[in-house]
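So the structure is just underneath, and the comments pick up after that.
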Number of protein chains: 2
Amino acid sequence: MGLIVQKFGGTSVKDRNRIFNVARIVANTRNQGNDVVVVVSAQGDTTDDLIAKAAEITGDPSHREMDMLLATGEQISIALLAMALQEIGVPSISLTGWQAGFSTDRAYTKARIKRLNTERVESELARNRVVVVAGFQGLNRSEDITTLGRGGSDTSAVALAAALHADRCQIFTDVEGVFTADPRKIPKATKLKEITFDEMLELASLGAQVLNNRSVELAKKYGVELEVLSSINPVPGTVVKEETQVEGMLIKGVAKDEDVAVISILEVPDVPGMSFKVFSLLAQKNINVDIILQSSGRDNCKDVIFTCPKGEAETAMSVLGANKSRFGGGEITINRDVAKVSVVGAGMQSHPGTASTMFEALYSQNINIHMISTSEIKISVIIDKADADKAVAAIHDAFIQ
Amino acid sequence: MGLIVQKFGGTSVKDRNRIFNVARIVANTRNQGNDVVVVVSAQGDTTDDLIAKAAEITGDPSHREMDMLLATGEQISIALLAMALQEIGVPSISLTGWQAGFSTDRAYTKARIKRLNTERVESELARNRVVVVAGFQGLNRSEDITTLGRGGSDTSAVALAAALHADRCQIFTDVEGVFTADPRKIPKATKLKEITFDEMLELASLGAQVLNNRSVELAKKYGVELEVLSSINPVPGTVVKEETQVEGMLIKGVAKDEDVAVISILEVPDVPGMSFKVFSLLAQKNINVDIILQSSGRDNCKDVIFTCPKGEAETAMSVLGANKSRFGGGEITINRDVAKVSVVGAGMQSHPGTASTMFEALYSQNINIHMISTSEIKISVIIDKADADKAVAAIHDAFIQ
């Protein structure tokens, strides 16, 4: 029928039983007449165990040697999965990242794929074999092993699907697909049949970590149809593609992100260039500023408020504190007890009422909104962390019946 | 000064402390003005752990996938050792077998080195780095990973030393060198300063497993001076080379091998072609026949007696039993309760009294000799296993004061 790339994460191959479970999924796909390329991650805790071994040796390992070390994790997985496939009668062969043709740049531990030479993979497929490829890794121009960083196996799978012109790239995880909200918290959350790349990107960056963002960007760029589905429960998952049927669904999901800090710089002189001074300082320190809000002037002063990830808040506070005099010398405060709650959906572009429905839902629960940010397919609010779960439930109720 | 290849086995790199111990040995060698190439095996039990993982999947793993799996063991070791060297201030880089240029034949799990392209190793040495190479592994013509089989890291080290024209190849182990007998059993056993390649080969094949035989053969072929020494106790070891000073030492060692079975075919017709029939049958089944003894004829019959490794005795018995009629149909017996005790020394070539000294020592202990075999530099006897330790002690006493 076609060619399918299937990617399985570390939990899906963590032990003998899970490896055979994966082998059976692959065998079924093949028995339906498909060629199959499988991309796997390192088993369960292997990567963490290897990191611990390095930490025993040095607090500051060379990134090159770290990649040499970590790449063994996927190499173990591919050999074991190829053996399991052979054991159940499926001809198969394992290939490391470099054998599968992944060329990357030199950025050890977070390399980017530069080229993908699929000659070997195609010749093995032509020999009627399932090809089991080590995700997460490649080779740079010096013929040194590199890794793509966390979540890199998703990217490996999408890159292979793109280069091989696969009919679909299936990402198997521990959830059944993409839900309208976290199903552990919102029992009414429903699984989406389809979602667009842009919606998926917004949801992923908003804390609904199902797919690695780089892999979604790559899939969008090359038009690779993705499917997110469960390796345990054999039901259809969520398809991620360019355009979806609207089906009357205004929004696709409600997401919550608690990794947010709000920093306020008070009484900044209301003269040109102040915002530039603040945010160029933050950019120099690689602070990922998300939402920016600027109060209207009063007494020739304004307040500049922004959010960033909690892990970068300390650096932000110290660089701002050290340069306080450059923007008026007013007080700088930080609030870590906040959360960002967002609705995402391409449908809202043509529905002016989305924002007011969301705000009404929050008001009905007496939840105060600190900041608001909107894009074409997303509305986010910053609220007290204590209100976050209640807010998600109320918004979900308001939009999704 | 020179270029030294140092090889460390799995026990020598089994944990953090042992890895740093190795790093310090390498650093000392380098501080004495040498370039250093280090070859390491997989850590401690890693190889066995990986074999156990495969055994959970299948009782009959593909050899190709086995090599893919096992090669990760050394890759972990080289990364950790390179990190440890860097941590103590020694510039270093790790290379897998294929990065270090090892090309092998296609025989997975027991590949032989075909070519060694040292370009990468030499360019790293030129950059003033210690090069840490994964032993035991290479790449075949299909660009698939192969392993050299147990003891293969010794072979990797000797091959590198030969190709790089190194001044010496040091094999670090858990013993201080080659002894005249097993020092755990014979307290008077002394460490040899020097031994010839041929003597080492005889000792190794006789059960004194210090060096892998293939590596000694390779060293002899390319004239690589070997040194066997301890990674724990920093004293000079034993040098293995082409010619040694005789130093009045008639023999270099007494070795015991209990992996021996004696098979006797009784009442074989004393006509031409009988031995050929027996041993061609055994050769077809790849039985490694060691000592052969044929009794003088009586009643136009003779007894044909030979030894082979215990693990091959069952196959030998069944092939002989099935073809019994072809050589007279007499009784075929097997004795597994035997041992081979040997003295080895190039000096005995010019000393006709060696055999009689050995037999006198055995007679003094009332030990019965079943079979005798001699070569230019070795005399072996087959005796009851129960007498073996006593025999080694008596022979050692007779030759080495």
Side-chain angles (χ1 to χ4, degrees), chain A residues 13 15-17 19-20 23 42-43 46 49-50 52-88 91-96 98-101 119-120 123-124 132 134 139 142-145, chain B residues 13 15-17 19-20 23 42-43 46 49-50 52-88 91-96 98-101 119-120 123-124 132 134 139 142-145:
Chain A
V13 292
D15 58 28
R16 181 198 174 281
N17 290 343
I19 289 173
F20 273 107
Q43 290 187 286
T46 304
D49 290 348
L50 291 170
K53 268 181 188 280
E56 278 182 19
I57 302 285
T58 168
D60 181 26
S62 132
H63 286 181
R64 180 195 181 275
E65 299 303 335
M66 218 39 213
D67 282 358
M68 175 69 94
L69 181 67
L70 293 183
T72 61
E74 291 75 34
Q75 193 171 327
I76 292 171
S77 299
I78 57 172
L80 295 176
L81 179 56
M83 287 179 194
L85 283 163
Q86 290 162 9
E87 183 72 6
I88 63 170
S92 67
I93 187 165
S94 69
L95 298 178
T96 62
W98 56 267
Q99 287 175 329
E119 208 173 308
R120 176 78 191 262
S123 86
E124 298 296 347
V132 183
L139 205 65
S142 314
E143 303 216 308
D144 285 332
I145 293 170
Chain B
V13 291
D15 58 28
R16 180 197 174 282
N17 290 343
I19 289 173
F20 273 106
Q43 289 187 288
T46 305
D49 290 348
L50 291 170
K53 267 180 187 280
E56 279 183 18
I57 301 285
T58 168
D60 181 26
S62 131
H63 285 181
R64 180 196 182 274
E65 299 304 335
M66 216 42 209
D67 282 357
M68 176 69 94
L69 181 67
L70 292 184
T72 61
E74 290 76 33
Q75 193 170 327
I76 292 171
S77 298
I78 56 171
L80 295 176
L81 179 56
M83 287 177 193
L85 282 163
Q86 289 162 8
E87 182 71 6
I88 62 170
S92 68
I93 187 165
S94 69
L95 298 178
T96 63
W98 55 268
Q99 287 174 328
E119 207 173 309
R120 176 77 192 264
S123 86
E124 298 296 347
V132 183
L139 205 65
S142 315
E143 304 217 305
D144 285 333
I145 294 170

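Protein chains get the first letters and strands the later ones, always in sequence-line order, with residue 1 at the start of each. Note that these values count all heavy atoms, side chains included, but never hydrogens, waters or copies made by symmetry.
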Sorted by chain and residue number, the side chain to side chain contact (heavy atoms under 4.5 Å, CB included) partners of B/A23 (sequence neighbours excluded) come out as B/L81, B/A84, B/L85, B/I88

Name all residues meeting the side chain to side chain contact (heavy atoms under 4.5 Å, CB included) criterion together with B/D49; count only those two or more places apart in sequence or in a different chain, and write none if there are none.
-> B/D45

For B/Q99 and A/I145 the tightest heavy-atom approach is NE2-N, 3.9 Å

What part of B/E56 gets closer than 4.5 Å to chain A, counting heavy atoms only: side chain, backbone, both or neither?
-> both

Could you tell me which non-hydrogen atom of A/I57 sits nearest to which non-hydrogen atom of B/F20, and how far apart they are?
-> O-CZ, 3.2 Å

So how far is it from A/M83 CE to B/M68 CE, rounded to the nearest 0.5 Å?
-> 10.0 Å

Most heavy-atom pairs under 4.5 angstrom with chain A, which of B/Q86, B/R64, B/E143?
-> B/R64

Can you tell which part of B/L69 gets under 4.5 Å to a heavy atom of chain A, answering side chain, backbone, both or neither?
-> both

Check whether B/D144 gets within reach of chain A through its side chain, its backbone, both or neither, counting any heavy atom under 4.5 Å.
-> both

Against chain A, label B/Q75 side chain, backbone, both or neither, depending on which of its atoms sit under 4.5 Å from a heavy atom there.
-> both

Go through the atoms of B/L70 and report whether side chain, backbone, both or neither lie under 4.5 Å from a heavy atom of chain A.
-> neither

When heavy-atom pairs shorter than 4.5 Å are enumerated against chain A, which of B/L80, B/T72, B/V132, B/I76 gives the highest number?
-> B/T72

Please test B/E65 against A/I93 for side-chain contact (heavy atoms from CB on, under 4.5 Å), starting from the C-alpha separation and ending with a verdict.
-> CA-CA 8 Å; B/E65 299 304 335; A/I93 187 165; 4.0 Å; yes

Answer with side chain, backbone, both or neither: which region of B/S77 has an atom nearer than 4.5 Å to a non-hydrogen atom of chain A?
-> neither

Where does B/E74 contact chain A at under 4.5 Å (heavy atoms): side chain, backbone, both or neither?
-> neither

